[in-house]
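Here the structure is laid out as structure tokens; the discussion comes afterwards.
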Amino acid sequence: MNKIISIIAATSIAAVMLAGCTSDTTAASSAASDASATSSGETMTGDGTKSPDSYSKDFDGFVQYMTDNGFISGEGVDLTAAAIGAETGKRFTVSSAVSKHTVELYEYKDQTSSMAEKTISNARADGSFHLFDSTETMTKNTLAVVSEDGRFLMLYTDASESDGVSEQKEKAAEAVKNFSK
């Protein structure tokens, strides 16, 4: 009888501990979702009026510059940047007055790897880039822009064809090009 009571007690304790872990995990997931929703729910109207001169010329400075100019908001989501030859990358999903769009920012500290060279040269040549060894480019709604020194890349994706989106993309592109001047 004592064994049965011990087993029931141990099982009850394990169930309580697991329930506690699950609620902590759920709370963490909920907090992450809330942060993501906050980031994606903000309306952005990038104006590009902030000068790049006062920002550090590293990835954090680039992200802050794009945030202060109104092109992105929130913390963003870390990306596996090595797939396109970059060292660091983040994705931001934000809304403009006319649509919802995605902005990905990358930093290339080493521009000599074959993937980095290929991505940067394709972005400079035609405003897009080829994935891996494919001749297929990113979607027609994705604009790829590289800073003048080649250290920073922005991918701006929006499926909307409205004039407001084109203007927003152009302002963001100009901000990226000017960042490292």
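Please read all numbers here as calculations on a predicted model, not as lab measurements.
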Query raised in the report: Would you call E104-R91 a salt bridge at under 4.0 Å N-O?
Result: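 R91 and E104: salt-bridged.
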
Any chance you could measure [X], atom [atom1], to [Y], atom [atom2], to the nearest 0.5 Å?
| X | Y | atom1 | atom2 | value |
| --- | --- | --- | --- | --- |
| Y156 | M66 | OH | CE | 9.0 Å |
| N69 | Q64 | CG | CD | 10.0 Å |
| F62 | K57 | CZ | NZ | 10.5 Å |
| T88 | D78 | OG1 | CG | 8.5 Å |
| L143 | M154 | CG | CE | 5.0 Å |
| F179 | E148 | CZ | CD | 13.0 Å |

So which atom in [X] and which in [Y] form the shortest heavy-atom distance, rounded to 0.1 Å?
| X | Y | result |
| --- | --- | --- |
| T93 | K100 | CG2-CE, 3.3 Å |
| E117 | T112 | OE2-O, 3.4 Å |
| V63 | I72 | O-CD1, 3.7 Å |

Report task. Could you pull out all residues at least two apart from F59 that satisfy ring-ring contact (aromatic ring centres under 6.0 Å, His included)? Result -> none

Query raised in the report: Got a sec, which residues hit side-chain hydrogen bond (donor to acceptor under 3.5 Å, both in side chains) with Y108, two or more places apart in sequence or on another chain?
Result: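 So Y108 forms no side-chain hydrogen bond (donor to acceptor under 3.5 Å, both in side chains) with any residue.
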
Query - Non-neighbouring partners of S54 that pass side-chain hydrogen bond (donor to acceptor under 3.5 Å, both in side chains), sequence neighbours left out - result: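 S54 satisfies side-chain hydrogen bond (donor to acceptor under 3.5 Å, both in side chains) with no residue once adjacent residues are dropped.
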
Requested in this report: Using the test side chain to side chain contact (heavy atoms under 4.5 Å, CB included), find all partners of D149 that sit at least two apart in sequence or belong to another chain.
Outcome: S147, R151, F152, S180

Query raised in the report: With E87, which residues qualify under salt bridge (Lys or Arg N to Asp or Glu O under 4.0 Å), at least two apart?
Result: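 By the salt bridge (Lys or Arg N to Asp or Glu O under 4.0 Å) rule, E87 matches K109.
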
Query raised in the report: Residues two or more places apart in sequence or in another chain: which of them pass salt bridge (Lys or Arg N to Asp or Glu O under 4.0 Å) with D110?
Result: none

Query - Qualifying residue, where the test is side-chain contact (heavy atoms from CB on, under 4.5 Å) with L153 and the options are I120, I84, V145 - result: I84

Query raised in the report: K169 side chain to T157 main-chain N or O, any donor-acceptor pair under 3.5 Å?
Result: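 No, because the side chain of K169 does not come within donor-acceptor range (under 3.5 Å) of the backbone of T157.
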
Report task. Using atom types as modelled and distance alone, determine if a side-chain donor or acceptor of Y65 lies under 3.5 Å from a backbone N or O of A175. Result ->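 Flag set: sc Y65 to bb A175 pair under 3.5 Å.
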
